[in-house]
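Working notes for the structure below.
All of these numbers come straight from a predicted model, not from anything done at the bench.
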Amino acid sequence: ALVNAPVVNVQNNNSKPYKNDLKTLFNTNSAKILAILMRTFNAKDTNGNEHIDKGEQPGTFLNAIERLDEVKALGFNTLHVLPINSPGKENAFGTAGSVYSPEDMLKIDPVLVDKNDPRSDKEQFKAFVDECHKRGIRVMIDMPSCASYSLYKERPELMAIENGIAKTPGGWEDIRMFQPWDDEGKRTLNPELLEYHKKFVDMLIDAGVDGIRADVARTKPVEFWDIIIPYSRKRDPEFAWLAESYTYEDASPQANMPYDRPEDSLRAGFDAYYGQYHIFHEWSNAKSLHDYVIDNLNMSYRVENGRSVIGSFATHDDISPMFHGGE
């Protein structure tokens, strides 16, 4: 849809300094969000083979700026930028590695940095954010829920262990799970993991980022978010938080938590929560799907005004309901 969109110059020439308002956009259902993967967003596939070959330019923070007027012209006011960290390469799927298997959440992927520009990686990142803000586009960065095998080896104190080995969620053999608890019995949070995530929040706010989309937020307990979200808002009261989560799988290292507590997540500070409607194989007939939709609608009516429960239909990597058969 973006390829043939009209390009118009809609830069904001207002001399007033930019002020984040993404939390307000979420609370008023005014955020219009486009998700992008930075390393492909404005990649230069000059030979047209749909691969970024040696000698071709991947998407970078600086060449992404070329497309911001296009994004604005389409009506988007927020970019959800998928993780910008270097993927771990040990046990990685494919040659590029998954952006959800970060080598280090505190380091920026060098692929996204223009080597011909004298500015540092964080300076180029901030330049991209600043150009978004000039056009009235807010920037929300994706925070991975897990880490790579290489980070597990480097920082084992951050990681969950199961049966003597690093815990891996089902179907994601290239990632390893964080351990939010320092002591399960006393329910003491892991101070090393808290500090690591605070540094991640600081890195983003220093660059002018407006909010975070937390990948599979249920991998951390609400007690964790009770600390991290207020920490961000001490620095920026409008810093927004969007939680991706599900209620269908035991994807968490937490004890005795078979299901999500999305209402608690919203209470902990998330502005919006979404997930699960696209897991069509969980429902054997139409009524079970309808009942689930009703449950989520009822939850949305119970939460305070301005907090959202968002449905996610036929997205992600799941098969269309048409292929599942049944009623």
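- The shortest heavy-atom contact between Cys132 and Leu79 is SG-CD1, 4.0 Å.
- Shortest non-hydrogen contact noted between Thr168 and Ile175 is CG2-O, 3.4 Å.
- Tyr18 and Phe128 fall into different hydrophobic clusters, where Ile, Leu, Val, Met, Phe, Trp and Tyr side chains are chained together by heavy-atom contacts under 4.5 Å.
- Tyr231 has its ring centre no less than 6.0 Å from the ring centre of His197.
- Heavy atoms of other residues, nucleotides or ligands lying less than 6.0 angstrom from NZ of Lys44 number more than 12.
- Using a cutoff of 4.0 Å between basic side-chain nitrogens and carboxylate oxygens, Arg135 and Glu131 are scored as salt-bridged.
- Under a hydrophobic clustering in which Ile, Leu, Val, Met, Phe, Trp and Tyr are joined whenever their side-chain heavy atoms come within less than 4.5 Å, directly or via other members, Leu62 and Leu82 fall into different clusters.
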#### Entry: Test log, rule side chain to side chain donor-acceptor pair (under 3.5 Å), inputs Asn47 and Asp53
CA-CA 9 Å; Asn47 65 13; Asp53 300 312; 2.9 Å; yes
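- In this view, Asp109 satisfies the salt bridge (Lys or Arg N to Asp or Glu O under 4.0 Å) rule with no residue, not counting sequence neighbours.
- Between Ile228 and Phe224, the closest side-chain pair of non-hydrogen atoms falls below 4.5 Å.
- Legend: residues meeting side chain to side chain contact (heavy atoms under 4.5 Å, CB included) with Arg267, ordered by chain and number and at least two apart, are Val222, Asp226, Asp264.
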Using distance only, find each side-chain donor-acceptor pair of residues 139-151 under 3.5 Å and give its atom names and separation, not counting sequence neighbours.
| from | atom 1 | to | atom 2 | distance (Å) |
| --- | --- | --- | --- | --- |
| Asp142 | OD1 | Arg213 | NH1 | 3.1 |
| Asp142 | OD2 | His80 | NE2 | 2.8 |
| Asp142 | OD2 | Tyr100 | OH | 2.7 |
| Asp142 | OD2 | Arg213 | NH1 | 3.1 |
| Ser145 | OG | Asp215 | OD2 | 3.0 |
| Ser148 | OG | Pro102 | O | 2.8 |
| Ser148 | OG | Ser150 | OG | 2.9 |
| Ser148 | OG | Leu151 | N | 3.2 |

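- Side chains of Leu158 and Tyr152 form no contact here, defined as non-hydrogen atoms less than 4.5 Å apart.
- Side-chain N or O atoms of Trp225 include none that pairs as donor or acceptor with a backbone N or O of Arg218 at under 3.5 Å.
- Annotation: the span from Lys167 atom NZ to Glu162 atom CD amounts to 4.5 Å, rounded to 0.5 Å.
- Under the 3.5 Å distance criterion, the side-chain polar atoms of Asp182 are left unmatched by any main-chain donor or acceptor of Arg187.
- Salt bridge Asp291/Lys287: present, at least one basic N to carboxylate O contact under 4.0 Å.
- Across all non-hydrogen atoms, the minimal contact from Lys72 to Gly136 is NZ-O, 3.9 Å.
- Judged purely by atom type and a 3.5 angstrom limit, Asp117 has no side-chain atom pairing as donor or acceptor with the backbone of Asp114.
- A donor-acceptor contact shorter than 3.5 Å is absent between the side chain of Ser101 and the backbone of Ser98.
- Listed for the Thr78 side chain is no donor-acceptor partner under 3.5 Å among the backbone atoms of Ala31.
- To the nearest 0.5 Å, the span separating NZ on Lys220 from CZ on Phe178 amounts to 6.0 Å.
- With hydrogens and angles ignored, the 3.5 Å screen pairs a side-chain donor or acceptor of Glu244 with a backbone N or O of Val216.
- Two residues are said to be in side-chain contact when any heavy atoms from C-beta on lie closer than 4.5 Å; Ile36 and Met38 meet this criterion.
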### Ile229 vs Phe239, side chain to side chain contact (heavy atoms under 4.5 Å, CB included): CA-CA, chis, key distance, verdict
CA-CA 9 Å; Ile229 295 176; Phe239 200 78; over 6 Å; no
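- Every residue meeting the salt bridge (Lys or Arg N to Asp or Glu O under 4.0 Å) condition with Arg155, not counting sequence neighbours, appears here in chain and number order: Glu157, Glu192.
- Trp241 and Phe270 have perpendicular rings, their planes meeting at more than 60° on a 0 to 90° scale where under 30° would count as parallel.
- Residue Asp202 is tested with Lys234, Lys122, Arg235 for a salt bridge (Lys or Arg N to Asp or Glu O under 4.0 Å); the sole match is Arg235.
- Taking all atoms of both residues into account, the shortest heavy-atom contact from Lys32 to Asn77 is N-OD1, 2.8 Å.
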### Task
Evaluate the side chain to side chain contact (heavy atoms under 4.5 Å, CB included) criterion for residues Asp45 and Ile52: first the C-alpha distance (whole Å), next the side-chain angles of each, then the deciding distance (0.1 Å), finally the verdict.
CA-CA 6 Å; Asp45 177 23; Ile52 304 305; 4.2 Å; yes
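- In this structure, Asp210 and Glu238 have side chains that are not in contact, with every pair of non-hydrogen atoms separated by 4.5 Å or more.
- Side-chain contact between Val201 and Lys198: absent, with no pair of heavy atoms (C-beta onward) separated by less than 4.5 Å.
- In the hydrophobic clustering of ILVMFWY residues, with side-chain heavy atoms under 4.5 Å counting as a link, Val99 and Leu242 come out apart.
- In this structure, the side chain of Asp271 does not engage the main chain of Ala240 through any donor-acceptor pair within 3.5 Å.
- Leu22 has its side chain within reach of Leu25: a pair of non-hydrogen atoms, C-beta onward, lies under 4.5 Å apart.
- Side-chain atoms of His133 and Asn20 form no donor-acceptor pair, as typed in the model, at a separation below 3.5 Å.
- In the hydrophobic cluster analysis, where Ile, Leu, Val, Met, Phe, Trp and Tyr join through side-chain heavy atoms closer than 4.5 angstrom, Phe125 is grouped together with Ile205.
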### Query
So Thr60 and Gln124, side chain to side chain donor-acceptor pair (under 3.5 Å) or not? Walk me through it.
CA-CA 9 Å; Thr60 68; Gln124 292 189 32; 5.8 Å; no
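- For the atom pair Asp69 CG and Lys134 NZ, the distance stands at 11.5 Å (nearest 0.5 Å).
- Leu189 approaches Glu223 most closely through the heavy-atom pair CD1-O, 3.4 Å.
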### Message
What verdict does the side chain to side chain donor-acceptor pair (under 3.5 Å) test give for Tyr196 and Asn190, after you've listed the backbone C-alpha separation in whole Å, the side-chain angles of each residue and the deciding distance to 0.1 Å?
### Response
CA-CA 10 Å; Tyr196 188 65; Asn190 183 344; over 6 Å; no
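- Among residues two or more places apart in sequence or in another chain, the salt bridge (Lys or Arg N to Asp or Glu O under 4.0 Å) test is passed with Glu90 by Lys153.
- Using a 4.0 Å cut-off between charged nitrogen and carboxylate oxygen, Arg138 and Asp21 count as a salt-bridge pair.
- A salt bridge links Lys126 to Asp130: one of the charged nitrogens lies within less than 4.0 Å of a carboxylate oxygen.
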### Message
Please evaluate residues Glu103 and Asn85 with respect to the criterion side chain to side chain contact (heavy atoms under 4.5 Å, CB included), reporting the C-alpha separation (whole Å), side-chain torsions for both, the decisive distance (0.1 Å), and the verdict.
### Response
CA-CA 7 Å; Glu103 191 172 52; Asn85 317 107; over 6 Å; no
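- Here the CG atom belonging to Asp121 is positioned 4.5 Å from the CD1 atom belonging to Ile108, to the nearest 0.5 angstrom.
- Put simply, the side chain of Arg176 never gets that close to the backbone of Met159: no donor and acceptor are under 3.5 Å apart.
- By the side chain to side chain contact (heavy atoms under 4.5 Å, CB included) test, His290 pairs with Ala286, sequence neighbours left out.
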### Query
Please walk me through it: do Leu266 and Tyr273 pass side chain to side chain contact (heavy atoms under 4.5 Å, CB included)?
CA-CA 7 Å; Leu266 294 170; Tyr273 156 97; 4.1 Å; yes
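- Cluster annotation: Met105 and Leu204 are assigned to the same hydrophobic cluster (Ile/Leu/Val/Met/Phe/Trp/Tyr, side-chain heavy-atom contacts under 4.5 Å, transitive).
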